[in-house]
Amino acid sequence: MPMAVGLQAWLDDEGTVQRLGGPLRTALAVPNSGARPLRDYLERNSWLVIEGLPGDWQGQPLDLDWHAAGGNTLHTRGWLMRQGEAWLLQVFDIGDLLRERHHDSRQQWQMRLGQALRDCDEQRLAQVTALQLQDLARHWRASALHLMLVDEAGWRCYATSDADWPWPRDERLQSWLTGLPGQPVLDAGVHPDLQALCGGVALCLLPLRQGAVCQAWLLCAGAESLPEVDEAVALLNALAEPLLSRLRLGQLRQQQRHLQALQRQLGAGGWAWSQQGHMELDEQLANTLGLPLQPSIAQWLAHLHPADREAAQLALEQVREGHGLSLTLRSLDDDAPGQVRWYHWSGQWQGQRLGGFALDISALKAQELQADAAKARLENLIASSPAVIYIQRYAEGALHSEFYSASLMPLLGWKADSELARQPGLAVHPDDRELWLQRTQALLRQGQVRSRYRLRDVHGGYHWVLDEARLLYDDLGLPQEVVGLWLDVSEATEAAERVRQSEERYRVLVEDSPAMICRYRPDLTLLFANQPLAEQLQDSPAQLLGQNLGQWLSASERAAFVQRLQSLTLDQPLSSAEVCLQLPGREHAWWVWAERGLFDEQGQLLEIQAVGRDNTEVRRSQRQLLQSAKMASLGELATGLVHEISQPLSVMRLALANAFTRLQNGTADLVYLGEKLQRIDSQIERASRLVDHLRVYGRRTEVEPQRFAAWTAVEGAVGLLEEGLRGKGVALRLCAPTSQAYVSGQQDQLEQVLINLMVNARDALLERGIAKPWIEVSQVIDEEGLCLQVEDNAGGIDPLLHARVFEPFFTTKPAGVGTGLGLSVSHGIVAAMGGSLDVGNGEAGACFQVRLPRA
């Protein structure tokens with residue numbers, strides 16, 4: 001008989017318990033009925049250990065968890081031995097050993113959870129958190145874990161160990177989590193509604209508190225046994241505290257980036273000053289002002305406008321007495337002598353330092369000055385106007401007079417506060433009272449009115465007045481007030497003279513304007529042209545009348561011009577564009593052209609008024625810049641082109657030497673000489689093609705856009721670069737398309753873009769010393785157009801630089817290498833073709849995408 005220690009269980013060959021023995025027998029939760037299978041005495045996690053029949057378990061250690069009294073678990077280890085016709089299972093209690101291991105495991109868990117979250121990438125923070133939750137769920141034998149974090153919008157799920165678990169939406173959990181106390185809650189059975197939200201499974205909740213605030217909730221669903229409070233709190237702290245720290249750090253970095261971007265946009269920055277030392281300026285503010293980061297007070301004052309220095313010194317004296325600072329000053333602009341920029345300086349004492357913010361308010365100040373000047377001009381105009389300007393306030397469907405200009409007294413002799421001024425309808429001639437009522441109704445219904453009627457003056461006489469009024473609305477579209485004027489038209493001669501003088505003033509303004517002004521019909525027949533336009537067209541204004549403006553336009557420009565006129569409507573009567581003309585004595589001219597359409601009552605376009613400005617010099621400068629960039633590319637290609645041409649010359653020289661040798665030896669025949677001559681001819685054709693393409697590429701770009709196959713530009717660029725790339729060990733991969741796609745523009749300019757992209761890729765590959773460098777060019781066609789992709793394996797471009805790579809003069813190359821204009825010019829070329837140039841990073845390196853619409 002075995003020694004009566006631990007627990008003994010006698011089993012038959014089917015694994016049924018016949019009887020139990022040993023001191024541990026009293027600790028078990030024994031089933032009520034008689035002989036039962038061994039698995040009925042064990043926890044579910046131990047069923048895998050006893051799979052099969054008892055004979056299968058013999059000769060291996062058995063770790064078994066038994067149902068113990070009081071709902072506990074008895075952890076044992078033992079073995080199975082044969083005893084007569086039965087089997088004896090002998091086990092011993094190992095609970096103390098497991099608790100010790102569990103304690104060590106918990107400490108390892110805490111260290112591993114925190115370290116994983118501290119070491120991972122910020123972009124993978126949520127993914128790593130979910131992985132840790134999965135490990136923790138397996139450790140607790142739980143179905144799923146759900147980590148809830150709080151932000152400005154309330155509680156939300158940050159990570160979960162099982163995305164397929166039917167958790168309710170975050171907004172449904174928010175009210176529950178907000179109302180729960182901040183103490184550990186290990187059993188949600190007291191909240192049946194919450195438990196019902198999670199499928200009715202066993203649910204426990206655990207909060208993470210920092211001070212008096214609950215920062216996180218961990219929801220544990222479907223656990224076979226609830227974890228201990230101390231263990232759960234420790235593991236949650238190990239998981240959540242580094243996570244919250246990383247998230248707060250990311251928020252601070254994001255806020256700092258936003259603040260720096262905002263300061264750059266506003267031309268603003270922070271500053272600080274202590275009475276015993278220099279000022280301290282933010283880097284952005286110092287660069288904007290042109291001052292060092294720590295200027296002295298004398299340097300700061302010297303940078304101010306002389307008229308503001310005294311005010312600044314007085315403000316500093318008040319600051320020394322403990323007051324704050326709020327001052328608007330002008331600073332001298334070093335880049336534009338004679339110009340100033342307005343800054344508002346504000347600050348408060350923070351301990352022993354005065355700290356504050358400086359904001360560039362130049363735009364606001366300019367608007368304020370313009371508004372003051374406009375107000376002064378308006379007041380002067382109103383005071384000197386022969387017409388009466390009035391304002392009527394709209395209230396409850398009626399108009400109430402509020403303001404009259406000073407010309408009311410000379411015209412009608414009314415005082416502004418008289419009864420007639422408050423109710424002008426009382427002074428309307430009896431025969432015109434119907435007109436007065438119609439005027440008010442039309443004004444309220446249509447928003448504007450123009451009418452004529454008679455008003456009585458203080459002497460009893462009547463004056464014919466021309467009344468023009470407009471109803472103004474607020475932001476909600478509700479009537480607010482009426483602004484109008486009365487013009488005395490009693491004497492027709494005075495009215496005609498005023499009209500003539502007005503027309504003369506406008507005629508002088510048009511004739512003396514430096515801009516080109518004209519009117520023409522929809523068929524482009526000129527009706528009026530001022531002197532600047534006539535000088536551009538080398539004719540007189542009178543001789544231009546009746547001529548067609550389209551004769552100075554190419555066929556495509558004329559079609560675009562007419563199409564733009566056809567798009568004018570009553571709602572959209574304005575348009576503007578840059579037009580290209582072929583003027584006498586000039587190759588081409590570019591005008592910035594603005595038009596306004598005039599329509600009849602049926603909305604039919606009658607004529608167009610246009611204003612133009614000569615933009616030829618600007619366009620020529622742009623073309624010269626493109627040509628300079630192209631020639632710079634040719635300069636970089638020179639070495640490869642020389643090698644490309646020297647190779648066929650060497651072949652021809654060798655063929656000629658072989659032919660001369662045969663002739664001298666007398667062994668030459670016609671067939672041999674024919675082969676040599678044919679080989680020389682093919683090499684001459686090869687060199688000729690290269691030179692012809694080089695000559696076409698170096699030529700100035702045509703003005704008019706052409707239709708061409710996009711891949712031919714790739715082939716042209718490859719022809720100029722292929723040999724040079726091969727000589728530097730760079731493999732060129734061409735993914736030729738199965739079908740051609742056509743675009744509109746200049747082929748040599750698109751070649752220039754591709755050359756710039758491939759040269760930049762080559763330089764990056766050589767600079768970084770890539771072992772097997774390659775450049776791949778491919779074409780993708782979709783419904784929106786086509787995309788030419790230039791990709792390399794140089795490792796890519798820093799994402800923080802993607803927004804700047806197309807800026808002029810920006811370059812990542814070493815000093816003295818490159819101008820920083822290649823990508824900027826390329827971006828402008830693609831935009832002019834109606835497309836876009838984008839940059840990104842592929843799997844191996846940078847990927848530039850030239851997107852173009854199909855012609």
Heavy-atom side-chain contact between His802 and Ile797 under 4.5 Å: yes

Approximate separation, where rounding is to 0.5 Å, of Leu524 CG and Leu553 CG: 7.0 Å

Among Glu776, Gln849, Gln779, the one residue meeting side-chain hydrogen bond (donor to acceptor under 3.5 Å, both in side chains) with Gln789: Gln849

Candidate pair Leu537 and Met516, rule side-chain contact (heavy atoms from CB on, under 4.5 Å), full reasoning: CA-CA 11 Å; Leu537 300 179; Met516 297 174 285; over 6 Å; no

Whether Arg733 side chain and Ile775 backbone form a donor-acceptor pair below 3.5 Å: no

Salt-bridge contact Glu607-Arg519 (side-chain N to carboxylate O under 4.0 Å): yes

Side-chain heavy-atom pair Phe848, Met758 within 4.5 angstrom cut-off: no

Derivation of the side-chain contact (heavy atoms from CB on, under 4.5 Å) call for Trp591 and Leu533: CA-CA 11 Å; Trp591 292 352; Leu533 179 62; 3.6 Å; yes

Close side-chain approach of Asp763 to Leu765, heavy-atom, < 4.5 Å: no

Minimal non-hydrogen separation, Trp774 against Glu791, with atom names: CZ3-O, 3.8 Å

Heavy-atom side-chain contact between Arg246 and Cys120 under 4.5 Å: yes

Under 3.5 Å donor-acceptor, Asn793 side chain and Ile770 backbone: no

Beyond-backbone contact of Asn756 with Val753, side-chain heavy atoms, under 4.5 angstrom: no

Axial cation check for Phe561 ring with Arg558, 6.0 Å and 45° limits: no

Flag for Tyr520-Gln547: side-chain donor and acceptor within less than 3.5 Å: no

Side chain to side chain contact (heavy atoms under 4.5 Å, CB included) partners for Ala713, two or more places apart: Phe708, Gln747, Leu750, Glu751, Leu754

Gap separating the CG atom of Asp119 from the CZ atom of Arg124, nearest 0.5 angstrom: 11.5 Å

Asp539 side-chain N/O to Gln543 backbone N/O, donor-acceptor pair under 3.5 Å: no

Val611 versus Ala515, closest heavy-atom pair with distance: CG1-CB, 3.8 Å

Residue pair Asn548 / Asp523: nearest heavy atoms and the distance that separates them: ND2-O, 2.8 Å

Sub-4.5 Å side-chain heavy-atom contact between Ser744 and Met833: no

Worked verdict on Val850 versus Cys787 for side-chain contact (heavy atoms from CB on, under 4.5 Å): CA-CA 5 Å; Val850 181; Cys787 176; over 6 Å; no

Beyond-backbone contact of Ser576 with Val592, side-chain heavy atoms, under 4.5 angstrom: no

Side chain Asp798, main chain Leu801, donor-acceptor under 3.5 Å: no

Exercise: identify the closest heavy-atom pair between Leu544 and Ala529: CD1-CB, 3.9 Å

Donor on one side chain, acceptor on other, Thr569 and Gln572, under 3.5 Å: no

Short N-O contact, Glu784 and Arg854, less than 4.0 angstrom: no

Exam field: side chain Asp121 to backbone Gln123, donor-acceptor pair closer than 3.5 Å: no

Spacing of Leu581 atom CG and Gln536 atom CD [to the nearest 0.5 Å]: 9.0 Å

Heavy-atom side-chain contact between Leu249 and Glu122 under 4.5 Å: no

Residue pair Gln582, Ser554: steps toward the side-chain contact (heavy atoms from CB on, under 4.5 Å) verdict: CA-CA 7 Å; Gln582 300 172 351; Ser554 65; 4.2 Å; yes

Shortest non-hydrogen contact between Leu583 and Ala589, atoms and distance: CD1-CB, 3.6 Å

Distance in Å, Glu535 CD paired with Asp614 CG, rounded so as to fall on 0.5 Å steps: 11.5 Å

Shortest non-hydrogen contact from Trp711 toward Ala736: CZ2-CA, 3.6 Å

Nearest-0.5 Å distance, CG of residue Asp792 to SG of residue Cys847: 9.0 Å

Reported CG-to-CZ distance for the pair Leu568 and Arg596, which is rounded to 0.5 angstrom: 10.5 Å

